[in-house]
Trainee: 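Starting off with a structure, shown below.
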There are 2 protein chains.
Amino acid sequence: MSDYGPGGLFLADCPARLAVELIADKWTVVVLSGLSEGPVRHGDLIDLIGGISRKMLTQTLRRLESHGLVRRHAYAEVPPRVEYELTSLGATLIEPIHVLTEWARANGDAVLDALDAHSEPVAHQG
Amino acid sequence: MSDYGPGGLFLADCPARLAVELIADKWTVVVLSGLSEGPVRHGDLIDLIGGISRKMLTQTLRRLESHGLVRRHAYAEVPPRVEYELTSLGATLIEPIHVLTEWARANGDAVLDALDAHSEPVAHQG
DNA sequence: CAGCATCCTCGCGGATACTG
DNA sequence: CAGTATCCGCGAGGATGCTG
């Protein structure tokens, strides 16, 4: 656990890999974002996120739960009601995610511009 | 582009999606990390990262290049030499990534503990 | 309403061999 | 040394239907 190479690299066997494993999938970040303001019901998350299937939502939540980032709370009611909320550990992940999304908000256009310029390398002939 | 819902949510059609699309794969974050200290050659990246195939490295680099985050520099030599470096735009992504990996460094153990406790829900009978 | 099981498709990503 | 093409297995992930 000492260091991770010259200059503080964080590549091979290191925390970065864990972080990547946690957030490097299609839905994790978005789901965590959806929970960032307080407990939300399953169905409301579906609605809130948009585009996620029930299967993937449940699966993502289960995974986050097993990693200690999300707590599940099922009420013994009928019809059933299940709420999910961030644990204190999970809440600490919101900040890094926020930094990331702020980056996207600030630089998203630049990225899209680059994509654009890349797909249209049509010389202006002059 | 006005707001993203109550409380500044960033879910459906928003920058967060772009950020996720950019970094939510197995290698992007690690490759960017590998370039964070300056230009690196293809082969050195392979070596540095560990576990990535040439195919995936090239593919990831091409993608980052098209998004304006990485610049490719091929020298007209023999044997060939190609270096990759972050663009100024790409360099701005290092900070969010750094925040993320710092989180992992600080909370990695907690996550692993949670995983552990989850896979061994053996009641202590107490 | 929440969750699980099933089926099915698609593309990620590794292995290998070939080109320049 | 760097890049491309090809083959292929596997798992992500959507769609649907059933249970409680």
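Lettering follows sequence order; numbering is per chain, from 1.
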Trainee: For Arg72(A), which residues count as a salt bridge (Lys or Arg N to Asp or Glu O under 4.0 Å) partner, sequence neighbours excluded?
Mentor: none
Trainee: Atom CD1 of Ile46(A) and atom P of dC1(C): how far apart are they, to the nearest Å?
Mentor: 11 Å
Trainee: Taking all non-hydrogen atoms of both residues, which atom of Ala74(B) and which atom of Val82(B) are closest, and how far apart?
Mentor: CB-CG2, 4.1 Å
Trainee: Ignoring backbone atoms, test whether Arg41(B) places a side-chain nitrogen or oxygen under 4.0 Å from the OP1 or OP2 oxygen of dA2(D).
Mentor: yes
Trainee: As a quick check of understanding, evaluate side chain to side chain contact (heavy atoms under 4.5 Å, CB included) for Trp27(A) and Ile49(A), giving each step before the final call.
Mentor: CA-CA 9 Å; Trp27(A) 295 116; Ile49(A) 291 175; 3.9 Å; yes
Trainee: Considering all heavy atoms of both residues, which atom of Ala24(B) and which atom of Asp25(A) are nearest to each other, and what is their separation?
Mentor: CB-O, 3.7 Å
Trainee: Take the protein atom CZ of Arg72(B) and the nucleotide atom P of dC1(D), then report the distance between them rounded to whole Å.
Mentor: 16 Å
Trainee: Which letters describe nucleotides 9-15 of chain C, given B = protein heavy atom under 4.0 Å from base, S = only from sugar-phosphate, - = neither?
Mentor: ----BBB
Trainee: Please check the phosphate of dA2(C) (OP1 and OP2 only) for any side-chain N or O of Arg81(A) closer than 4.0 Å.
Mentor: no
Trainee: According to side-chain contact (heavy atoms from CB on, under 4.5 Å), who are the partners of Glu102(A), at least two apart in sequence or on a separate chain?
Mentor: His98(A), Arg105(A)
Trainee: At 4.0 Å (heavy atoms only), tell me whether Tyr84(A) reaches a base, stays on the sugar-phosphate, or touches nothing.
Mentor: sugar-phosphate
Trainee: Which whole-number value in Å describes the distance from Arg62(B) CZ to dA2(D) P?
Mentor: 12 Å
Trainee: Measure from NE2 on His73(A) to C1' on dA2(C) and round the result to the nearest Å.
Mentor: 15 Å
Trainee: Just the rounded figure in Å: distance from P of dA2(C) to CG of Leu57(A).
Mentor: 10 Å
Trainee: Please state how far atom NE2 in His42(B) lies from atom P in dA2(D), giving the value in whole angstrom units.
Mentor: 6 Å
Trainee: Tabulate atom names and distances for all N/O pairs under 3.5 angstrom spanning the protein and nucleotides 17-20 of chain D.
Mentor:
none

Trainee: Taking all non-hydrogen atoms of both residues, which atom of His42(B) and which atom of Thr58(B) are closest, and how far apart?
Mentor: CE1-OG1, 3.2 Å
Trainee: Is it true that a side-chain atom of Thr60(B) and a backbone atom of Thr28(B) form a donor plus acceptor pair closer than 3.5 Å?
Mentor: no
Trainee: Between dG3(C), dT4(D), dC1(C), spot the one nearest the side chain of Thr58(B), thanks.
Mentor: dT4(D)
Trainee: Quick check on the helix from dC1(C)-dG20(D) to dG20(C)-dC1(D): what's the angle between its two end axes, five base pairs per end, to the nearest 10°?
Mentor: 40°
Trainee: Do Val99(A) and Val20(B) sit in one hydrophobic cluster, given that two such residues count as connected whenever their side-chain heavy atoms are within less than 4.5 Å of each other, even indirectly?
Mentor: no
Trainee: For Glu83(A), give me all partners under side-chain contact (heavy atoms from CB on, under 4.5 Å), at least two apart in sequence or on another chain.
Mentor: Pro39(A), Arg41(A), Tyr75(A), Arg81(A)
Trainee: With clusters defined by side-chain heavy atoms of hydrophobic residues (ILVMFWY) lying less than 4.5 Å apart, directly or transitively, does Ile94(A) cluster with Leu45(A)?
Mentor: yes
Trainee: Lys26(B) and Val30(B): which non-hydrogen atoms are nearest, and at how many Å?
Mentor: O-CG2, 4.2 Å
